[in-house]
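Everything on this sheet refers to the single structure shown next.
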Amino acid sequence: MTTAQTQELDVQPTPLALLLLGREADPASERGVDCPGDLPSPSDPDLVARARAAKEKLGDKVFVLGHHYQRDEVIQFADVTGDSFKLARDAAARPEAEYIVFCGVHFMAESADILTSDDQKVVLPDLAAGCSMADMATAEQVAECWDVLTEAGIAEQVVPVSYMNSSADIKAFTGKHGGTICTSSNAKRALDWAFEQGEKVLFLPDQHLGRNTAVRDMGMALEDCVVYNPHKPNGGLTAEELRGAKMILWRGHCSVHGRFSLDSVNDVRARIPGVNVLVHPECKHEVVAAADYVGSTEYIIKALEAAPAGSKWAIGTELNLVRRLANRFAAEDKEIVFLDKTVCFCSTMNRIDLPHLVWALESLAEGTLVNRIEVDKETEAFAKLALERMLALP
């Protein structure tokens with residue numbers, strides 16, 4: 001729609017819409033859309049050589065982290081690869097590195113800053129690389145939710161459990177209210193612990209991981225779960241519904257994993273006889289229930305490593321990783337396909353491209369600190385408390 005058309009319809013683009021379109025920055029947010037310098041052209045044939053030269057110049061001063069969902073062009077420069085929590089811990093284990101360049105998204109860089117020393121500086125090559133799921137729960141919304149739980153008379157019974165895929169503010173809220181963080185690998189352990197502390201859990205911000213863990217792994221009924229919608233008064237729930245629930249799920253989801261459907265599963269089984277369906281627990285409950293295997297990113301990789309030659313797999317997770325695994329195991333005659341027919345990358349993760357990485361590395365090599373992610377001390381203290389509770393889980 002053109003500007004003239006929007007004016008004719010008396011429709012004004014919102015600041016968020018302009019931000020997503022790359023036409024405006026949000027000065028009140030760390031996430032911008034402009035680099036304070038000249039970004040190399042994507043067509044520059046010397047990008048790989050420039051990245052290599054800048055990284056070599058920095059030497060041990062820089063440590064590059066690459067999330068599994070990153071592009072191949074970026075992953076090739078990662079010193080370590082992994083999921084968000086593994087990478088944050090890897091960064092903390094390298095105190096000699098002055099700069100941590102996190103090729104991932106904003107909440108991951110925040111976690112790295114929380115876990116690393118004050119002398120280390122965490123850099124996100126593109127500040128617009130956010131996470132739609134993490135952004136579905138703001139500190140103000142969660143504080144309002146807690147007020148609703150208090151008014152319903154159940155706040156003292158509720159233990160917050162927040163997924164690693166959440167902002168530092170949400171992690172801090174969790175720590176301040178006696179809760180813990182979880183990953184997709186240890187969600188059951190986190191919930192077991194939480195139910196030892198209280199009678200109910202507020203699970204943030206991914207409803208699907210919370211529901212799948214409670215029902216599939218812990219034997220709860222779907223009726224034990226209610227969904228709190230921050231965009232509705234009182235979360236769209238009555239006090240009676242809140243009092244009767246064991247799991248209060250935040251209305252959030254992953255834009256990639258949430259797109260897989262039961263039709264996707266049925267379609268791939270019809271197209272590929274004998275296929276094994278392997279999905280991430282961020283998928284919808286009906287998808288998880290119809291799959292053969294369910295697990296975290298690391299679980300998916302290990303399952304394919306152990307799979308016999310000639311086996312067939314349909315994977316329900318981010319496309320960059322699926323494509324990389326398909327290429328890796330092609331020589332072993334393992335057929336690996338994307339679960340959905342429609343191509344779907346994580347759009348914000350893909351903002352970290354080679355031009356942004358080159359720009360960040362060359363800036364650091366020239367002594368200019370760019371795109372630093374820094375969590376304030378109070379938020380860091382409570383967020384670290386929640387993370388430490390996770391690390392102490394049996």
Side-chain angles (χ1 to χ4, degrees), residues 13-26 28-33 67-71 83-85 87 102-111 124-142 145 162-171 173 181-184 187 203-212 227-232 235 249-261 264 279-285 287 296-297 316-322 338-340 342-353 356 373:
T14 66
L16 176 59
L18 290 171
L19 178 64
L20 293 173
L21 288 169
R23 296 178 186 168
E24 191 169 296
D26 179 4
S29 170
E30 285 189 285
R31 299 177 184 82
V33 292
H67 191 272
H68 286 307
Y69 297 168
Q70 286 293 310
R71 308 161 181 251
D83 60 18
S84 58
F85 184 58
L87 292 176
F102 210 125
C103 297
V105 293
H106 195 268
F107 79 80
M108 300 178 186
E110 284 184 328
S111 296
L124 186 65
D126 186 349
L127 291 178
C131 170
S132 59
M133 179 203 294
D135 291 341
M136 288 176 189
T138 68
E140 294 77 13
Q141 289 172 333
V142 176
C145 171
S162 291
Y163 191 20
M164 192 72 187
N165 299 26
S166 59
S167 69
D169 286 338
I170 300 307
K171 290 183 177 72
F173 169 90
I181 307 302
C182 75
T183 68
S184 53
F203 195 90
L204 300 152
D206 179 25
Q207 61 169 308
H208 300 307
L209 177 62
R211 182 182 294 105
N212 289 328
V227 178
Y228 182 96
N229 185 343
H231 303 292
K232 291 185 176 181
L249 307 170
W250 192 263
R251 190 176 182 270
H253 65 275
C254 169
S255 58
V256 172
H257 293 113
R259 70 173 291 110
F260 298 116
S261 66
S264 303
V279 303
H280 195 281
E282 289 176 17
C283 293
K284 297 172 184 173
H285 181 68
V287 174
S296 67
T297 302
T317 194
E318 206 275 340
L319 183 55
N320 272 320
L321 175 61
V322 177
F338 191 56
L339 178 57
D340 196 18
T342 305
V343 172
C344 184
F345 294 98
C346 176
S347 59
T348 49
M349 190 78 73
N350 271 267
R351 293 194 68 103
I352 309 296
D353 55 13
H356 281 89
I373 302 299

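Note that the numbering runs from 1 along the sequence shown for the chain.
Between Arg211 and Val227 there is a side-chain heavy-atom pair separated by less than 4.5 Å. Looking at heavy atoms from C-beta onward, Ile352 lies out of side-chain contact with Arg71 at the 4.5 angstrom threshold. Residues Tyr69 and Val105 are not in side-chain contact: their nearest non-hydrogen atoms beyond the backbone lie 4.5 Å or more apart. Side chains of Tyr163 and Pro205 form a contact here, defined as non-hydrogen atoms less than 4.5 Å apart. Side-chain contact between Trp250 and Cys145 is present, with at least one heavy-atom pair separated by less than 4.5 Å.
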Decide side chain to side chain contact (heavy atoms under 4.5 Å, CB included) for His231 and Gln141; before the verdict, give the C-alpha distance in whole Å, the side-chain angles of both, and the deciding distance to 0.1 Å.
CA-CA 9 Å; His231 303 292; Gln141 289 172 333; 3.6 Å; yes
Do Gln70 and Asn320 pass the side chain to side chain contact (heavy atoms under 4.5 Å, CB included) test, and can you show the C-alpha distance, the side-chain angles, and the key distance before you say yes or no?
CA-CA 7 Å; Gln70 286 293 310; Asn320 272 320; over 6 Å; no
After noting the C-alpha distance and the side-chain angles of Ser111 and Lys171, does the key distance pass the side chain to side chain contact (heavy atoms under 4.5 Å, CB included) rule?
CA-CA 9 Å; Ser111 296; Lys171 290 183 177 72; 3.5 Å; yes
Going through the distances and angles, do Ser184 and Glu282 end up as a side chain to side chain contact (heavy atoms under 4.5 Å, CB included)?
CA-CA 8 Å; Ser184 53; Glu282 289 176 17; 5.6 Å; no
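Here His68 contributes atom NE2 and Thr297 contributes atom OG1; the two are 6.0 Å apart, rounded to the nearest 0.5 Å. Separating the SG atom in Cys254 from the CZ atom in Arg259 is a distance of 11.0 Å, to the nearest 0.5 Å. Annotation: the span from His280 atom NE2 to His208 atom NE2 amounts to 12.5 Å, rounded to 0.5 Å. The SG atom of Cys103 sits 11.5 Å away from atom CE of Met108, with the distance rounded to the nearest 0.5 Å.
Screening Val322, Val256, Leu339 against Thr317 for a side chain to side chain contact (heavy atoms under 4.5 Å, CB included) leaves a single residue, Val322.
Checked against a 6.0 Å centroid threshold, the rings of Phe260 and Phe338 count as neighbours.
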